Amino acid sequence: MKPLMLVLDDWEGKIAESSAWNKISESVHIKYITKPLEEMSEEELKDVIFLMAIRERTPLTAKNFDLLPNLKLVLQTGGHAYHIDQEAASERGIKIALGRRAKAPILSVPELTVAIMLSLVHLIPQAQVEMKSGGWPKLLGRTLSNRRLGILGLGRHGSKVAEIAKSAFQMDVVSWERPTNSPSTNQNFPRLPLEELLKTSDIISVHLRLSPESTGLLSAETFQLFKEGSILINTSRGAILDETALVHCLQNGPIAAAGLDVFEKEPLDKNSPLRRLDNVLLTPHIGWTVEEVFEEFAQIAATQVAQYLDGNLPSSELISS
């Protein structure tokens with residue numbers, strides 16, 4: 001009998017459409033599941049050897065692993081596994097392979113960030129609402145040119161945003177990194193202390209990795225350092241900022257507008273005050289949900305399964321053994 005592989009939470013069906021599975025279709029039986037593991041029967045789960053998780057959509061706990069007595073390998077799309085109980089996996093001898101080789105998100109996240117930036121300064125969301133309701137709004141936007149963009153985290157995504165902002169819009173780009181970060185190889189943008197960056201930037205874009213040090217970095221206290229009328233954009237991780245404090249600053253200053261693709265808890269609560277603010281542009285964590293990313297996830301996962309079956313899955317791609 002072929003080893004059984006479950007692909008979870010492929011809501012858009014793009015993983016299932018990939019031709020990547022052709023390389024393992026003769027060796028592995030693949031099922032695509034959109035319901036929670038808890039709703040599946042013991043019979044359905046007992047033979048699962050491989051499990052493909054779609055980033056944060058698929059939290060995996062010790063209880064989940066207990067439902068999968070023969071699970072050997074989790075194929076975790078993306079370069080992190082914050083939402084997987086790695087200790088529980090290790091205790092059960094379950095390996096976790098990351099999709100670190102994915103390149104498409106390096107382009108898709110900066111593209112979304114710049115789109116949000118342009119939408120906010122040109123008041124596109126407000127214009128859309130008024131135009132759809134039959135109006136002809138009298139709006140006065142701003143340009144990006146010659147304004148200061150402060151990048152928090154000059155890594156793969158932050159560097160791309162910085163390069164686009166400088167080359168396409170002639171923005172004055174400055175950056176800040178956490179002291180524990182290894183120095184960036186990108187030396188094209190001045191490094192400033194956090195306080196100076198917050199006080200002098202017209203737009204602040206967050207591109208930090210989530211860590212104990214970055215969690216809650218943007219708080220009620222740090223928000224008060226922001227320049228009056230500034231814009232905040234977060235396409236990184238929701239927990240880096242305090243949403244309650246942000247709401248207060250959006251209502252009372254100094255922050256004029258915000259664009260958020262990520263949230264402390266996802267999906268965002270239906271009653272979140274962020275949903276009711278006119279000066280907030282919200283998107284449902286779509287920085288990585290593009291066709292090219294899903295195709296790349298499928299290609300990497302299929303390759304990792306083939307390597308595992310051949311006994312040569314690189315240890316560099318594993319976070320748990």
Side-chain angles (χ1 to χ4, degrees), residues 1-105 266 288-321:
M1 186 173 67
K2 294 180 182 179
L4 176 60
M5 173 178 171
L6 292 187
V7 177
L8 301 179
D9 302 321
D10 179 23
W11 302 339
E12 298 84 2
K14 289 298 179 182
I15 298 290
E17 291 177 2
S18 175
S19 62
W21 307 117
N22 294 338
K23 69 179 69 176
I24 61 171
S25 60
E26 294 185 2
S27 304
V28 178
H29 179 53
I30 304 173
K31 286 186 177 181
Y32 302 93
I33 307 295
T34 55
K35 61 183 177 181
L37 289 171
E38 293 84 355
E39 295 181 11
M40 299 179 68
S41 69
E42 182 177 331
E43 184 65 23
E44 290 176 294
L45 296 175
K46 67 179 179 66
D47 295 323
V48 175
I49 304 298
F50 305 111
L51 186 70
M52 184 174 180
I54 311 299
R55 287 195 28 150
E56 299 91 343
R57 289 182 185 178
T58 312
L60 293 172
T61 66
K63 290 183 179 180
N64 295 138
F65 291 136
D66 287 340
L67 298 172
L68 300 157
N70 293 302
L71 180 63
K72 302 299 182 186
L73 178 67
V74 173
L75 303 147
Q76 170 52 34
T77 46
H80 68 81
Y82 305 130
H83 50 290
I84 296 178
D85 188 333
Q86 297 172 38
E87 183 178 350
S90 181
E91 289 174 353
R92 292 160 177 76
I94 300 169
K95 298 180 185 295
I96 302 173
L98 292 178
R100 290 194 183 104
R101 290 183 279 116
K103 301 298 182 186
E266 297 181 2
W288 61 278
T289 54
V290 297
E291 292 182 7
E292 294 83 354
V293 171
F294 277 67
E295 175 60 28
E296 198 168 20
F297 284 165
Q299 293 287 347
I300 292 171
T303 298
Q304 289 174 331
V305 169
Q307 291 172 327
Y308 181 89
L309 292 172
D310 290 340
N312 60 6
L313 178 60
S315 60
S316 60
E317 299 191 12
L318 300 174
I319 61 170
S320 183
S321 59

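Both backbone and side-chain heavy atoms feed into the values below; hydrogens, waters and symmetry mates do not. Keep in mind it's a predicted model, so treat the numbers as computed, not measured.
By the 4.5 Å heavy-atom criterion applied to side chains, Lys63 and Leu67 are not counted as neighbours. Side-chain contact between Leu6 and Leu37 is present, with heavy atoms from C-beta onward closer than 4.5 Å. The closest side-chain heavy-atom distance from Gln299 to Ser19 is below 4.5 Å. No side-chain heavy atom of Val7 sits under 4.5 Å from any side-chain heavy atom of Phe50. Side-chain contact between Ile15 and Trp21: present, with at least one pair of heavy atoms (C-beta onward) separated by less than 4.5 Å.
Checked by atom type and distance alone, the side chain of Glu44 pairs as donor or acceptor with a backbone atom of Ser41 at under 3.5 Å. In terms of modelled atom types and a separation under 3.5 Å, the side chain of Thr77 and the main chain of Ala53 share a donor-acceptor contact. A side-chain donor-acceptor contact under 3.5 Å links His83 to the backbone of Arg55. Remark: the backbone N or O of Lys14 is paired with a side-chain donor or acceptor of Asp10 at under 3.5 angstrom. A donor-acceptor pair under 3.5 Å is absent between the side-chain atoms of Glu292 and the main chain of Lys103, judged by distance alone.
The shortest non-hydrogen separation linking Ala88 to Phe65 is CB-CD1, 4.0 Å. In plain terms, the two heavy atoms of Gln76 and Ala81 that are nearest each other are CG-CB, 4.2 Å. Closest approach of Ile96 to Gln86, counting heavy atoms only: CD1-CG, 4.1 Å. For Leu45 against Pro69, the heavy-atom pair with the smallest separation is O-CD, 4.3 Å. Of all heavy-atom pairs between Leu309 and Pro3, the closest is CD2-CG, 4.5 Å.
Applying side chain to side chain contact (heavy atoms under 4.5 Å, CB included) to His29 and the options Met1, Met5, Lys2 leaves one that passes, Lys2. Partner of Lys72 under the side chain to side chain contact (heavy atoms under 4.5 Å, CB included) criterion, out of Val48, Leu51, Ile49: Ile49 alone.
Atoms CG and CG, on Asp85 and Leu60 in that order, are 9.5 Å from each other to the nearest 0.5 Å. We find the OG-CD distance between Ser18 and Glu291 to be 11.5 Å, quoted to the nearest 0.5 Å. In this structure, CZ on Arg57 lies 11.0 Å from OG1 on Thr34, to the nearest 0.5 angstrom. Between Ile54 atom CD1 and Trp288 atom CH2 the span is 6.5 Å, to the nearest 0.5 Å.
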Begin from the C-alpha positions of Glu17 and Glu12 and carry the test side-chain contact (heavy atoms from CB on, under 4.5 Å) through to its verdict. CA-CA 10 Å; Glu17 291 177 2; Glu12 298 84 2; over 6 Å; no
Check: Checking side-chain contact (heavy atoms from CB on, under 4.5 Å) for the pair Leu73/Leu313: CA distance, chi angles, key distance, verdict?
Finding: CA-CA 11 Å; Leu73 178 67; Leu313 178 60; 4.1 Å; yes
Margin query: As a quick check of understanding, evaluate side-chain contact (heavy atoms from CB on, under 4.5 Å) for Asn70 and Leu4, giving each step before the final call.
Written below: CA-CA 10 Å; Asn70 293 302; Leu4 176 60; over 6 Å; no
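Residues forming a salt bridge (charged side-chain N to carboxylate O under 4.0 Å, His left out) with Arg100 (at least two apart in sequence, or on another chain): none. Applying the side chain to side chain contact (heavy atoms under 4.5 Å, CB included) criterion to Glu42, with sequence neighbours excluded, gives no partner residue. In terms of the salt bridge (charged side-chain N to carboxylate O under 4.0 Å, His left out) criterion, residue partners of Glu317 (sequence neighbours excluded) are, by chain and number, Arg101.
Counting non-hydrogen atoms of other residues, nucleotides and ligands closer than 6.0 Å to CD of Glu38 gives a total above 12. Atom CD of Glu266 has more than 12 neighbouring heavy atoms from other residues, nucleotides or ligands inside a 6.0 Å radius.
Between the side chains of Thr61 and Asn64, at least one donor N or O sits under 3.5 Å from an acceptor N or O.
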